[in-house]
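Contents: one structure, followed by commentary.
Just so it is clear, the structure is predicted and the values come from calculations on it, not from any experiment. Side chains are part of it too, since the values below use all heavy atoms of this structure and drop only hydrogens, waters and symmetry mates.
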Amino acid sequence: MLAEALAKHFRTVWVPEYAREYIDHLHRPYVREDILEIAKGQLRNEKRLEKQAKEYLFCDTELIVTKIWSEFKYGTCEPWILEQIEKHRYDVYLLCYIDLPWESDPQREHPHLREELFNLYLQEMLQRDLPFGIVDGSGEKRLDNALKIIKSIL
């Protein structure tokens, strides 16, 4: 919702999370090998939508999320994903805080591990020295906080 709201604010396009589309069309539980296909599909969609973007392109997710997801679930990450993380740097990373209530859906896992996963994402941002901010709040406040972060970094 945040990526879509930011794109609307800046009158540009956004890239939805490809994992949702991929898993929605998968007629079996996903496996480790699917993570690589999800990563490739995410980058493919970013490249396609980049041509339509005005000044900014907002991505609902990116490959660091895929890396952590793969390592958390399977204990490993495909080298290709790690290479692409190094090649595809973004101007701003928005790390969404876990202050919103958990919303169950078939693709969400580990509601009891939200804080642990958030800390893994935070540690990754810090270790890679990425330009990021933590977005909190709900509704318009969350959007306003994201806008402040973007303006402060750009």
Any side-chain heavy atom of [X] sitting closer than 4.5 Å to one from [Y]?
X	Y	answer
Arg128	Ile85	yes
Ile150	Leu94	yes
Leu130	Arg89	yes
Leu2	Trp14	no
Leu36	Ile81	yes
Glu71	Leu120	no

message: For Phe58 and Tyr56, take the angle between the two ring planes, folded into 0 to 90°, and tell me which bin it lands in: parallel under 30, tilted 30 to 60, perpendicular over 60.
response: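 The arrangement is tilted - the two ring planes meet at 30° to 60°.
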
- request: For the pair His110 and His112, name the ring-plane relationship: parallel under 30°, tilted 30 to 60°, perpendicular over 60°.
  value: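 Perpendicular: the ring planes of His110 and His112 meet at over 60°.
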
Calculate, to the nearest 0.5 Å, the distance between atoms [atom1] and [atom2] belonging to [X] and [Y] respectively.
X	Y	atom1	atom2	value
Asn45	Asp60	CG	CG	11.5 Å
Ile38	Glu21	CD1	CD	10.5 Å
Leu113	Asn119	CG	CG	11.5 Å
Tyr121	Trp69	OH	CH2	9.0 Å
Leu143	Lys148	CG	NZ	11.0 Å
Leu43	His88	CG	NE2	4.5 Å

ILVMFWY network linking [X] to [Y], side-chain heavy atoms under 4.5 angstrom:
X	Y	answer
Phe72	Leu126	yes
Phe132	Val65	yes
Met1	Leu95	no
Val135	Ile68	no
Leu63	Leu122	yes

Without swapping roles, check the side chain of [X] against the backbone of [Y] for a donor-acceptor pair under 3.5 Å.
X	Y	value
Asn145	Asp136	yes
Gln42	Tyr18	yes
Glu62	Ile64	yes
Thr12	Ala7	no

For [X] and [Y], which heavy atoms make the closest approach, and how far apart are they?
X	Y	value
Leu49	Pro16	CD1-CD, 4.4 Å
Asp34	Tyr30	OD2-CA, 3.2 Å
Cys77	Ser70	CA-OG, 3.7 Å
Arg114	Leu100	NH2-O, 2.7 Å
Thr61	Glu46	O-OE2, 3.9 Å
Cys96	Arg142	CB-NH2, 3.4 Å

Residues [X], [Y]: salt bridge by 4.0 Å N-O rule:
X	Y	result
Arg11	Glu55	no
Lys87	Glu83	no
Glu37	Arg44	no

Count the heavy atoms belonging to other residues, nucleotides or ligands that lie under 6.0 Å from [atom1] of [X], then report whether that count exceeds 12.
X	atom1	answer
Lys73	NZ	yes
Glu33	CD	yes
Tyr74	OH	yes
Glu103	CD	no

message: Would Asp91 and Ile153 count as a side chain to side chain contact (heavy atoms under 4.5 Å, CB included) here? Give the steps.
response: CA-CA 8 Å; Asp91 296 325; Ile153 293 175; over 6 Å; no

field: Glu78 and its side-chain hydrogen bond (donor to acceptor under 3.5 Å, both in side chains) partner, picked from Lys67, Gln84, Arg32, Lys40
entry: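 That would be Arg32.
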
field: Derivation of the side chain to side chain contact (heavy atoms under 4.5 Å, CB included) call for Tyr90 and Leu57
entry: CA-CA 10 Å; Tyr90 301 84; Leu57 176 66; over 6 Å; no

query: Hey, are Tyr93 and Glu124 close enough side-chain-wise for a donor-acceptor pair under 3.5 Å?
result: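 Side-chain D/A pair, Glu124 to Tyr93: absent.
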
